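Note sheet for the following structure.
Remember, it's a predicted structure, so these values are computed and weren't measured experimentally. First listed ligand is number 1; within each ligand, the first listed atom is number 1. Just so you know, these numbers use all the heavy atoms, side chains as well, and skip hydrogens, waters and symmetry mates.
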Amino acid sequence: MIKIGGKRIPMREQDAEQRKSNFFSVPHGYSEEEVITEAQRCLQCQGAPCEKHCPINMRILDMIRAIAVGDFKKAFFIAKEDNSLPAITGRVCPQESQCEGVCPFAQSGEGINIGKLEAFVADWAKEKELKKDIFIQENPERIAVIGAGPAGITCAVDLRKYGFQVTLFEALHKAGGVLQYGIPAFRLPTEIVDAEITYLDELGVDLQLNFFVGQNITFDELRRRFDAIFIGSGAGAPLFMRIEGENLKGVYSANEFLIRCNLMKSYNSAEFDTPIVCGDRVGIIGAGNVAMDAARCARRLGSEHVHILYRRTKKESPARIEEIEHALEEGIILEELVTPKRILGDENGWVSGVELLRMKLSAPDKSGRPRPVPLENSEFIMPIDTIIEALGTQPNRLFLNRAEGLDIDSWGLIKVDDDLQTSIPGVYAGGDAIRGNATVILAMGDGRKAARAIGRQMKRLSFSS
Ligand code: FAD
Ligand code: SF4
Ligand code: SF4
């Protein structure tokens with residue numbers, strides 16, 4: 001029987017006590033019965049507001065309609081039409097501020113669980129080894145894509161579907177960008193990322209790993225060899241607080257910590273040699289998604305006392321609500337209204353503590369959030385043996401400085417026009433390289449937009465495409 005509305009079907013999850021010491025996926029995913037019941041709650045709203053609030057305007061309504069009648073194959077093909085990585089976006093998109101946020105049931109906290117429906121159909125198709133035959137009308141133009149993160153992958157996939165000869169250059173030994181090295185396996189299992197990446201191979205994208213553009217090949221040489229270029233090189237250079245003690249042993253950027261843990265698998269010490277120092281008392285500076293990921297990794301690596309040190313309060317945290325709740329359930333402590341003044345070290349140069357300053361909130365700043373201001377003479381010392389700084393990142397200038405003629409702003413972000421074309425004709429850019437720290441789906445949206453612009457430039461797509 002079809003039931004519209006009603007309560008959201010709860011997601012079964014690994015118990016917090018159990019999961020805090022493993023890297024397996026936290027949610028178990030819906031069963032076939034559960035996913036159908038959840039899809040049947042959808043009102044099939046006229047004008048589908050959810051689709052308008054998906055940055056790639058996925059055909060959510062049609063996908064849900066197919067799920068509601070148990071036609072998972074059709075649902076998968078619909079999802080895959082617009083979205084090259086549905087198993088990933090279904091898991092990591094900030095749905096509450098995008099597609100699900102405008103669902104009529106969202107106000108009561110019962111919005112249709114679009115992300116989990118999307119992830120279900122993608123996982124179902126993977127299990128069934130379902131493939132969609134794609135006819136590619138080959139075109140001779142050669143396009144280079146720099147960086148195999150969500151922006152580069154989406155751009156490469158779309159360009160290949162337009163028939164271009166696409167080479168995707170990736171500096172690391174695995175494709176995926178942040179999906180591979182940043183987001184931990186308990187949120188986004190590695191095999192899901194790997195499976196989505198095989199799609200590149202199936203389409204005939206020439207993926208060149210361990211290939212750093214600017215080092216293995218100059219940017220000028222790349223321009224000579226290719227008809228157009230897309231830069232999706234991300235924003236991988238960490239920002240630091242620039243306070244006393246940051247050079248002590250035991251201080252990490254969240255990037256380094258997560259790369260060691262996730263990409264280089266330091267949590268699996270039986271099979272991998274990657275060293276990681278993670279003491280019993282860990283302090284994470286910042287409270288965004290990256291901070292939550294670092295904190296939850298530290299917990300799983302065995303740290304008993306993990307403190308998130310945040311200068312505002314939980315309410316102002318930029319992290320997804322689900323991630324904060326999961327972190328708190330796992331025993332992570334959120335220290336609100338504090339900011340580090342200096343990091344203290346022992347006689348051997350290792351971190352031994354952090355001096356914190358208490359804060360209070362005052363009138364909102366430019367971001368619209370209350371501004372934290374220090375309380376005079378409120379300093380206190382917290383014993384800590386590992387510090388992880390999760391303060392944001394900016395593009396790595398190693399490559400940008402070698403790309404002559406490429407205009408960047410004072411943050412190192414590549415300047416682009418409305419078509420995502422840079423200051424160099426025929427060179428496009430998108431994702432974190434133009435936005436700073438954004439989201440997977442926004443990066444994918446850029447990849448798609450740039451691919452269309454390149455298609456038009458090569459006169460293989462009409463200007464209305
Ligand atoms: P990236 O994913 O950074 O990929 C860029 C790639 O380019 C990298 O693989 C890099 O090695 C490669 N590269 C760089 N320079 C070169 C070069 N010169 N030659 C060759 N290759 C090069 N977003 C969400 O939506 N949801 C989340 O839950 C979420 N969690 C996050 C958690 C963490 C820990 C982090 C760090 C980010 C998170 N984000 C999340 C943000 C999101 O992952 C990014 O916005 C997104 O990955 C940006 O995609 P991108 O393709 O622009 O760059
Ligand atoms: Fe929602 Fe993201 Fe899927 Fe779009 S891609 S429908 S925003 S989960
Ligand atoms: Fe269904 Fe919600 Fe989208 Fe309406 S907004 S079509 S109820 S998912």
Side-chain angles (χ1 to χ4, degrees), residues 4-5 39 41-51 53-58 60-61 63-65 79 82-83 85-86 88-95 97-100 102-106 111-119 146-155 168-172 174-184 187-188 208 211-217 219 231-236 254-255 258 262 288-294 319-320 323 390 393 395-396 398-400 402-403 430-447:
I4 293 174
R41 294 178 56 232
C42 171
L43 285 170
Q44 295 281 304
C45 306
Q46 207 173 13
C50 48
E51 293 183 4
H53 282 77
C54 163
I56 53 165
N57 305 122
M58 244 188 72
I60 300 171
L61 199 136
M63 176 189 77
I64 295 183
R65 189 184 293 139
D82 299 312
N83 184 344
L85 307 169
I88 291 167
T89 51
R91 285 175 166 85
V92 304
C93 262
Q95 288 102 7
S97 57
Q98 294 178 339
C99 54
E100 285 173 30
V102 289
C103 182
F105 305 122
I112 304 295
N113 204 340
I114 301 169
K116 298 290 192 292
L117 298 185
E118 190 175 308
I146 305 172
I153 291 175
T154 307
C155 191
L168 174 54
F169 296 101
E170 169 53 50
L172 296 171
K174 281 189 113 179
V178 171
L179 307 175
Q180 193 73 255
Y181 74 75
I183 304 181
R187 272 212 302 131
L188 182 59
Q208 297 287 329
F211 201 110
F212 189 86
V213 174
Q215 187 72 33
N216 297 93
I217 187 170
F219 189 62
I231 307 173
S233 49
N255 261 41
L258 290 169
N262 301 326
N289 284 317
V290 179
M292 298 300 149
D293 283 343
R320 293 185 61 195
E323 303 312 328
T393 52
N396 189 334
L398 206 61
F399 156 65
L400 296 178
R402 294 174 186 177
D432 282 5
I434 64 164
R435 295 173 180 274
N437 310 136
T439 62
V440 170
I441 194 68
L442 286 172
M444 288 174 63
D446 288 349

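Protein-derived N/O/S atoms nearer than 2.8 Å to atom 1 (Fe) of ligand 2 total 1, waters excluded.
Ligand 1 has a nitrogen or oxygen under 3.5 angstrom from a nitrogen or oxygen of Ala151. Considering backbone and side-chain N/O of Asn255, none are found under 3.5 Å from N/O of ligand 1. Looking at ligand 1, you won't find any N or O of Ile146 less than 3.5 Å from one of its N or O atoms. Inclusion of Val92 in the set of residues having an N or O under 3.5 Å from an N or O of ligand 1 is warranted.
At the top of the distance list for atom 18 (N) of ligand 1, counting protein heavy atoms only, stands Val213 O, 3.0 Å. At the top of the distance list for atom 31 (C) of ligand 1, counting protein heavy atoms only, stands Ile183 CG1, 3.7 Å. Atom 53 (O) of ligand 1 has its closest protein heavy atom at Gly234 CA, 3.4 Å.
When the side chain to side chain contact (heavy atoms under 4.5 Å, CB included) test is applied to Asp432, the partners found at least two apart in sequence or on another chain are Ala235, Ala438.
Partner Asn83 forms a side-chain hydrogen bond (donor to acceptor under 3.5 Å, both in side chains) with one of Thr154, Asn57, Thr89 and no other, that one being Thr89.
Nearest-residue assignment for atom 22 (C) of ligand 1 (options Gly232, Ala171, Gly177; heavy-atom criterion): Ala171.
Close approach of ligand 3 to Leu43 (heavy-atom distance below 4.0 Å) involves ligand atoms 1 (Fe), 7 (S).
Taking backbone and side-chain atoms together, Cys103 has no N/O/S atom less than 2.8 Å away from atom 1 (Fe) of ligand 3.
Of all the heavy atoms of Ala48, none lies under 4.0 Å from any atom of ligand 3, so neither backbone nor side chain is involved.
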